[in-house]
Amino acid sequence: MEQFAPVKRKDGQPVRYLVVDDSVFARKNLARIIETFGGKLIGEAGDGKTAITEYDRLKPDIVLMDITMPQMEGIEAAEKIVQQHPEARIVMVSSVGYQENIVAALQRGARHFVQKPVKPEVLYEVIKYVLGDDAAVASAAGAGD
Amino acid sequence: MKMELIQPFINAADAVLSQMLQSSTTMGNLTMEEEAYRRKGVAAQIWLTGDIEGRIVIDLDEETAIRVASKLAGATLPESDALIRETVCELANQIVGNAICTLNDLGFQFRIHPPVIHTSETGATSSEDTEALVLCFDTESGAVYMNMALRYGKKRSHLAAAASL
C-alpha cells in the first residue's frame, strides 16, 4: 500500500483516529490506510451508540464514521457527538454517497464525506483539509519519526 | 426487470470490483433464474425497500472468496476465517451502495438494509414480478456472481399504472 507523508498534530504527535463501522473488514481496511498516513488508531466501534461512548472516553482527533449501521446509524451518532462536542471532527465514510445523505450528514455536524470503496489518496486529502491548521504534514524523510 | 434498474448495479459492480481487487473485471454470463436461488459458496444478501424492492445477492465460490478476502487482507486467510464472510458482506454493501447513489440521482428513494450472510443452500423461487437475473463478473481472483431480484415498489407501480391509462 502506498505510503504518504505523515500528517501530525501541531504538538508533533500522530493524529488519533476512532473508526466506526459495523463491518470488521471495513474497520481493518481503514486501520491499514490510517497507518499509511502516520496516524494512530485509538479505538473502534461497530455501531453509533458505541461510537458516542467511545468518543466521550477517547476524545479522538478524527472520527471515520459509516452511515448504515445497526442500533444507531452514523448520521444520528454524528449529530449526538457534535451536540456534546462541537469541536468533533467527523468524516462520514460510506458507500451510500447520494446527495441527500451527504447533505444530511453535513447539516448534522459531519465535516466531510468519503465514498466507499475508499481511495487512500482521497481520504488523505480530506483528513488534511478537516484538520486544517491543527495539523502539519511532515516531510517524507521524517516518516519514521 | 427494467434495464434502468439493472445498469447501475452492473456499473457499480464493475467499478467496485476493479478498484478493490486492483485488476480489470469483465462481465461474463448473464442468465435468468427461474428456479429457486442456489447458493454457490459464500453469499451476502442485501434487501431494498421503497421505490424499488427486492434483494441482491453477491455470491463467490469458497476458493474465490478465500482468494479475494486474502488479497484484501494482505495475508492468506484460513478457510474458516470469519473475515472471509465479512469481506463478501462489505463487497455487497459497497456494490449496492454505489448503485443506489445512481438510482437516487434518477429519483428513486429507498432504504438499504445491512448485508446478511445467506446460509441456506437455496433461496426463494423467483416470481413473474421479481424474476432473478444472474450476472457473472470474471476477475483475476475468480468469478463473482450477482443475483438480482428487484421490482418497482407499490408507490412506483401505481404511478406507472396511472401513467399508462
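Heavy-atom basis, side chains included; hydrogens, waters and symmetry copies ignored.
- Closest approach of G97(A) to C101(B), counting heavy atoms only: N-SG, 3.0 Å.
- With a threshold of 4.5 angstrom between heavy atoms, L91(B) does not approach chain A through any atom at all.
- Linking ILVMFWY side-chain heavy atoms closer than 4.5 Å, directly or via other members, places I62(A) and L123(A) in a single hydrophobic cluster.
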Please tabulate, one pair per line, the donor and acceptor atoms of chain A and chain B that lie under 3.5 Å from each other, or say none if there are none.
residue, atom, partner, partner atom, Å
Q19(B), NE2, P117(A), O, 3.2
L72(B), O, R32(A), NH2, 2.3
E86(B), OE1, S23(A), OG, 3.3
E86(B), OE1, V24(A), N, 2.9
E90(B), OE1, S23(A), OG, 3.4
E90(B), OE2, K116(A), NZ, 2.9
N93(B), O, S95(A), OG, 3.1
N98(B), OD1, Q115(A), NE2, 3.1
N98(B), ND2, K116(A), O, 3.0
Q109(B), NE2, E100(A), OE2, 2.8
R111(B), NH1, E73(A), OE2, 3.3

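- Heavy-atom pairs under 4.5 Å with chain A peak, among L72(B), I112(B), I100(B), I95(B), at L72(B).
- Side-chain heavy atoms closer than 4.5 Å link hydrophobic residues (I, L, V, M, F, W, Y) into clusters, and following such links, possibly through other members, connects I117(B) to L60(B).
- Applying the side-chain contact (heavy atoms from CB on, under 4.5 Å) rule to A92(B) yields the partners A44(B), I46(B), I58(B); only residues at least two apart in sequence or on another chain are considered.
- When hydrophobic clusters are built by joining Ile, Leu, Val, Met, Phe, Trp and Tyr residues whose side-chain heavy atoms come closer than 4.5 Å, directly or via intermediates, L106(B) is not grouped with V103(A).
- There is no path of hydrophobic side-chain contacts, each under 4.5 Å, that joins M27(B) to V134(B).
- Judged as a side-chain contact (heavy atoms from CB on, under 4.5 Å), and not counting sequence neighbours, the contacts of A99(B) are P8(B), F9(B), A12(B).
- Every residue was checked against the salt bridge (charged side-chain N to carboxylate O under 4.0 Å, His left out) condition with D138(B), not counting sequence neighbours, and none meets it.
- Residue contact with chain A, scored on non-hydrogen atoms closer than 4.5 Å, is absent for A15(B).
- When hydrophobic clusters are built by joining Ile, Leu, Val, Met, Phe, Trp and Tyr residues whose side-chain heavy atoms come closer than 4.5 Å, directly or via intermediates, V16(B) is not grouped with Y145(B).
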